[in-house]
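As structure tokens, the structure follows; a few thoughts come after it.
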2 protein chains.
Amino acid sequence: MTVSSQVSVLQRIQAEGALTTSCPTRTVLDHVTSKWGVLLLVFLSDKSMRWGELRRAVDGISEKMLAQTLRTLETDGLVHREVTATVPPRVDYSLTELGTDLVERLLPLMEWIVDNADDIVGR
Amino acid sequence: MTVSSQVSVLQRIQAEGALTTSCPTRTVLDHVTSKWGVLLLVFLSDKSMRWGELRRAVDGISEKMLAQTLRTLETDGLVHREVTATVPPRVDYSLTELGTDLVERLLPLMEWIVDNADDIVGR
DNA sequence: CGGGATCCATACTGATACTG
DNA sequence: CAGTATCAGTATGGATCCCG
């Protein structure tokens, strides 16, 4: 038996003409794999978090990039923003259904990276 | 029974103090999820490819970023570079064992993105 | 063919100040 | 608390030319 009996993911992707510059996939890919996008999505995988919690949790992020990245993810429908109009104000961020779905595919990758990072950087 | 009986990926990550600025995971994450890193890894998932093939396959990449990203991935031990000293010279790139392992975790994510990109960008 | 070197544009960051 | 606005510095990516 040959190994070419089933269509690879890459072949599927290319067959659809995806991953070209003009393709929506590239936009989504850029958002999802952006420097801070991945981290925010992962940190939201467990529970909803408040703005200040996220700022403290995601080490090194500037307030500007936190706001900007959250807005992008919200626009993409991956993250839900819930405002509670109290004093002081409270804003919670959580994953949407779409976001949860995405993060399911993201976590195995993160886990692998955490497990193998030392092997890679050590070189 | 409660839902907290098993440790989530995020909890594992945080317990190890991973994902902080100084952590190797962040370096690897930046390389792997870099704008072009993901695409090159995915395109190499099927077979080894030559420099020129990659340049044509990865739509929009500049020669500089192709060279730079390939060098980073090679240093990380994810991509193997094989030079054949002919005239004209021939250079083939392929995934290492480590790279193959990584891409296995990357492909489900890519597949999801390709399948859902239209829902996301349409907003 | 497979790059390296150079220069320029943009994106990101950091610090600070201000608001509802 | 949860942002927005602005400015300045830096890092990153892109375009072009050149070379073995």
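Every chain is numbered from 1 and lettered A, B, ... according to where its sequence line falls, protein lines coming before strand lines. Every heavy atom of this structure was used, including side-chain atoms; hydrogens, water molecules and symmetry mates were not.
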Protein-nucleotide distance (E53(B), atom CD; dG3(C), atom C1'), rounded to Å = 17 Å

ask   = Which residues in residues 25-47 of chain A have at least one heavy atom lying under 4.0 Å from any atom of DNA chain C?
value = K35(A), W36(A)

Nucleotides 15-20 of chain C: which of its N/O atoms have a protein N/O under 3.5 Å away?
none

query = Rounding to a whole Å, what distance do you find between Y93(B):OH and dC1(C):P?
reply = 14 Å

key: Nucleotide nearest R81(A) when distance is taken to its side chain, options dG3(C), dT13(C), dG3(D)   = dG3(D)

query = For the residue pair L73(A) and G37(A), what are the closest heavy atoms and their distance?
reply = CD1-O, 4.2 Å

message = Closer than 4.0 angstrom, basic N to acidic O: yes or no for R71(A) and D76(A)?
response = no

task = Without swapping roles, check the side chain of T25(B) against the backbone of L19(B) for a donor-acceptor pair under 3.5 Å.
result = yes

ask   = M49(A) CE to dA2(D) C1': how many Å, rounded?
value = 15 Å

message = What is the separation between atom CD1 on I61(A) and atom C1' on dA2(D), rounded to the nearest whole Å?
response = 14 Å

request  = Side-chain contact test, heavy atoms from C-beta onward, threshold under 4.5 Å: evaluate it for I61(B) versus L54(B) and give yes or no.
outcome  = no

Gap between atoms CE and C1', on M65(B) and dG4(C) respectively (whole Å) = 14 Å

task = Please state whether the phosphate of dT4(D), meaning OP1 or OP2, lies under 4.0 angstrom from any side-chain nitrogen or oxygen of R71(A).
result = yes

Separation of atom CG in D92(B) from atom P in dG2(C), rounded to whole Å = 8 Å

query = Roughly, in whole Å, what's the span from CG in L66(A) to P in dC1(D)?
reply = 14 Å

query = Hey, any chance V83(A) and L40(A) share a hydrophobic cluster, counting ILVMFWY side chains that come within less than 4.5 Å of each other, even indirectly?
reply = yes

Rounded distance in Å - CZ (R55(A)) to P (dG14(C)) = 13 Å

ask   = Closer than 4.0 Å, any side-chain N/O of R50(B) to the OP1 or OP2 of dG2(C)?
value = yes

key: For V42(B) against L10(A), the heavy-atom pair lying closest together   = O-CD2, 3.7 Å

key: Atom of W36(B), atom of D59(B) and distance for their closest heavy-atom approach   = CZ3-O, 3.9 Å

Show every donor-acceptor pair shorter than 3.5 Å between a side-chain atom in residues 96-109 of chain B and any protein atom, with sequence neighbours excluded, or say none if there are none.
from: T96(B); atom 1: OG1; to: G77(B); atom 2: O; distance (Å): 2.6
from: T96(B); atom 1: OG1; to: L78(B); atom 2: O; distance (Å): 3.1
from: T96(B); atom 1: OG1; to: L98(B); atom 2: N; distance (Å): 3.4
from: T96(B); atom 1: OG1; to: G99(B); atom 2: N; distance (Å): 3.0
from: T100(B); atom 1: OG1; to: T96(B); atom 2: O; distance (Å): 2.7
from: D101(B); atom 1: OD2; to: W112(A); atom 2: NE1; distance (Å): 3.0
from: R105(B); atom 1: NH1; to: D101(B); atom 2: O; distance (Å): 3.2

ask   = Which atom names give the shortest non-hydrogen contact between M110(A) and V38(A), and what distance separates them?
value = SD-CG1, 4.0 Å

